[in-house]
Peer 1: 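My questions will all concern the structure given below.
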Amino acid sequence: METQPATAHAIETVFRLESPRVIAGVARIVRDVGIAEELAQDALVAALERWPRDGVPDNPGAWLMATARHRAVDLVRRRETYARKLAELGRDLVTAPPAYDVPADPDDIDDDLLRLVFTACHPALSPEARTALTLRLLGGLTTAEIARAYLVPEPTVAQRIVRAKRTLAKRNVAFEVPYGPDREARLGSVLDVIYLIFNEGYAATAGDDWLRPGLCEDALRLARVLSALMPGEPEVHGLTALLEFQASRAAARTGPDGTPVLLEHQDRRRWNRMLIARGIRALDRAGATASGPPGPYTLQAAIAACHARAYTYEETDWHAIATLYGLLAVRAPSPVVELNRAVAVSMADGPAAGLELVDAVAAAPALRGYHLLPSVRGDLLARLGRVAEAREEFSRAADLALNERERGLLRDRARACG
């Protein structure tokens, strides 16, 4: 039966939202991330066959999870090692999610998504492979979207993901949140990928929508869980604070039609003050647990706090933000940090000072094809009255942008320079 467009769209949307949870739930059964993803895809195929005929279920996410779990159980039964797997999973596997005895270790936590993050961040994988695999499994990005986001060929990303799955399967990596030194060894990568997941939800790399709230909510929840799990780690609290602050602006970042709203034009009355309060508490915990200089996430959270504490755009303490970006450039040097520092400096000391910093970093290979470079440069040129040059920069930024909403905003800014 041919799938109706409305039903097909509903299936695609549900699967993109629910696939991380489905993969995580199934991986807990089959102990193999690659197979778990295949079973999730099988559930999608089943939905494409059944939903056009029977209608979309009241709880489509639960339907996908149940279908994938049943297929996982069937797969485990067919394996030669079924008896051993049955002993591990328990006799009630068919009718209920796998149940585990509560470990004696008080640091254990029962969260399938967090298990999936730690599994994807295993030290056996390269940093690039960890990022690609996590964005694929938890971010729901296609191989093409990941390739465009990191400006690398699509076959390269595909190979990284395939090799990462094979490595995890070959090494029989346990699907768990590790303990002690193993947990600490993976923590940096885990924080990075949680941040990447949030950013993909906060400003989608590609597609028709600028925001993907589900990804932001998952990343923020994982950060909060990790804060409870590792209360003595200042950067865990720093990341949590950063995400709380960023999430607080979500309602004001788009207009009624989904068009992006720039920071200076946002209605700050729509900022979520409860999330801001949570962010301030998390930032305080980061400072209280730190024994040395603040880490990169704590510094970024401090920058976000400067914005959060300003009730109007004009009240923003840009000198403090520029200073914090200077510290961040020392702790985590990158052309993107320098680009952000240039914006802060332009607000504190004038657009000419900012433009000088932008031009100093413009030739960096990491910024080649990065649409925010000409976007920032266009803004500074417009503020300097060089509107013809600004128009060219905004047009170039629009050509480089992959997200439809952001591309439209940049084209509007180019036309405004006409």
Side-chain angles (χ1 to χ4, degrees), residues 12-24 61 111-114 116-117 120-121 131 134-142 145-146 149 189-228 235-263 266-268 270-283 296-298 300-301 303-305 307-308 336 340 372 402-406 409:
E12 179 185 353
T13 301
V14 169
F15 186 75
R16 189 152 187 165
L17 291 172
E18 298 294 338
S19 61
R21 295 179 182 84
V22 174
I23 293 169
D111 190 294
D112 283 341
L113 281 177
L114 196 58
L116 186 57
V117 172
C121 291
T131 299
T134 305
L135 289 177
R136 171 71 175 163
L137 297 180
L138 279 94
L141 272 68
T142 65
E145 288 172 338
I146 298 170
S189 292
V190 168
L191 295 180
D192 290 345
V193 297
I194 291 175
Y195 181 58
L196 285 170
I197 293 166
F198 183 90
N199 274 351
E200 183 57 34
Y202 194 69
T205 303
D208 297 330
D209 297 321
W210 199 36
L211 299 180
R212 294 176 60 188
L215 288 182
C216 291
E217 291 168 4
D218 280 343
L220 182 53
R221 186 182 61 80
L222 290 174
R224 290 171 178 168
V225 169
L226 208 54
S227 290
E235 276 293 79
V236 174
H237 298 304
L239 175 64
T240 305
L242 174 60
L243 302 193
E244 299 279 11
F245 287 133
Q246 299 291 72
S248 72
R249 307 178 200 165
R253 292 187 71 240
T254 57
D257 61 349
T259 303
V261 178
L262 297 176
L263 181 63
Q266 288 176 15
D267 181 355
R268 301 194 176 204
R270 300 186 66 196
W271 286 10
N272 189 317
R273 292 292 156 184
M274 182 188 71
L275 292 181
I276 290 174
R278 292 182 67 116
I280 291 172
R281 288 196 295 271
L283 185 56
Y297 287 119
T298 302
Q300 291 180 73
I303 292 168
H307 291 293
V336 174
N340 286 317
L372 292 182
L402 300 174
N403 184 277
E404 289 296 333
R405 294 289 187 179
E406 199 166 12
L409 173 66

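We're numbering straight along the sequence, starting at 1. Worth saying up front: this structure is predicted, and the values here are computed from it rather than measured. Side-chain atoms are counted along with the backbone in the values below, which use heavy atoms only and exclude waters and symmetry mates.
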Peer 1: With rounding to the nearest 0.5 angstrom, report the OG to CG distance, S227 to L239.
Peer 2: 7.5 Å

Peer 1: Measuring from atom CD1 of I197 to atom CG of L220, what distance do you get when rounded to the nearest 0.5 angstrom?
Peer 2: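 Output value for this atom pair is 12.0 Å.
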
Peer 1: Please check this pair: side chain of R270 against backbone of A251, looking for a donor-acceptor N/O pair closer than 3.5 Å.
Peer 2: yes

Peer 1: Sub-3.5 Å donor-acceptor pair from the side chain of E200 to the main-chain atoms of L215, do we have one?
Peer 2: no

Peer 1: Before you tell me yes or no, could you show the steps for T131 and D192 under side chain to side chain contact (heavy atoms under 4.5 Å, CB included), namely the whole-Å CA-CA distance, both residues' side-chain angles and the distance that decides it to 0.1 Å?
Peer 2: CA-CA 8 Å; T131 299; D192 290 345; over 6 Å; no

Peer 1: Tell me whether E244 is salt-bridged to R224, with the criterion being a basic N under 4.0 Å from an acidic carboxylate O.
Peer 2: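 Answer for the salt bridge query: yes.
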
Peer 1: Is there a side-chain contact between L191 and L226 in this structure, where contact means two heavy atoms from C-beta onward sitting under 4.5 Å apart?
Peer 2: yes

Peer 1: Is any side-chain heavy atom of R253 less than 4.5 Å from a side-chain heavy atom of V261?
Peer 2: no

Peer 1: Can you see which heavy atom on Q246 is nearest to which on A304, and at what distance?
Peer 2: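 Shortest heavy-atom contact: OE1-CB, 4.2 Å.
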
Peer 1: Heavy atoms, side chains only, cut-off 4.5 Å: are I194 and T134 in contact?
Peer 2: no

Peer 1: Do L262 and L409 touch side chain to side chain, with heavy atoms closer than 4.5 Å?
Peer 2: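 Result yes, sub-4.5 Å side-chain heavy-atom pair found.
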
Peer 1: Say you draw a straight line from OG of S248 to CZ of R268; how long is it, rounded to the nearest 0.5 Å?
Peer 2: 10.0 Å

Peer 1: Hey, are the side chains of F198 and L222 touching, using non-hydrogen atoms and a 4.5 Å cut-off?
Peer 2: no

Peer 1: Look up atom CD1 in I303 and atom CG in N340, then write down how far apart they are to the nearest 0.5 Å.
Peer 2: 8.0 Å

Peer 1: Does the R278 side chain pair with the main chain of R273, one donor and one acceptor, at a distance under 3.5 Å?
Peer 2: no

Peer 1: Quick check: closest heavy atoms across G238 and A301, and the distance to 0.1 Å?
Peer 2: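 Shortest heavy-atom contact: O-CB, 3.5 Å.
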
Peer 1: Can you list the steps and then say if T254 with Q266 is a side chain to side chain contact (heavy atoms under 4.5 Å, CB included)?
Peer 2: CA-CA 9 Å; T254 57; Q266 288 176 15; over 6 Å; no

Peer 1: Rounded to the nearest 0.5 Å, how far apart are CZ of R136 and OG of S19?
Peer 2: 8.5 Å

Peer 1: Would you say Y195 and Q300 make side-chain contact, with heavy atoms under 4.5 Å?
Peer 2: yes

Peer 1: Would the distance check show the side chain of T240 and the main-chain N or O of A223 forming a donor-acceptor pair, the cut-off being under 3.5 Å?
Peer 2: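 Between the backbone of A223 and the side chain of T240 there is a qualifying donor-acceptor contact (under 3.5 Å).
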
Peer 1: Nearest 0.5 Å, what's the CG-CZ distance between L275 and R249?
Peer 2: 12.0 Å

Peer 1: Within a strict 4.5 Å, meaning less than it, do heavy atoms of the F245 and I280 side chains meet?
Peer 2: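 Yes, side chains in contact.
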
Peer 1: Are any of the side-chain heavy atoms of R21 and D218 separated by less than 4.5 Å?
Peer 2: yes

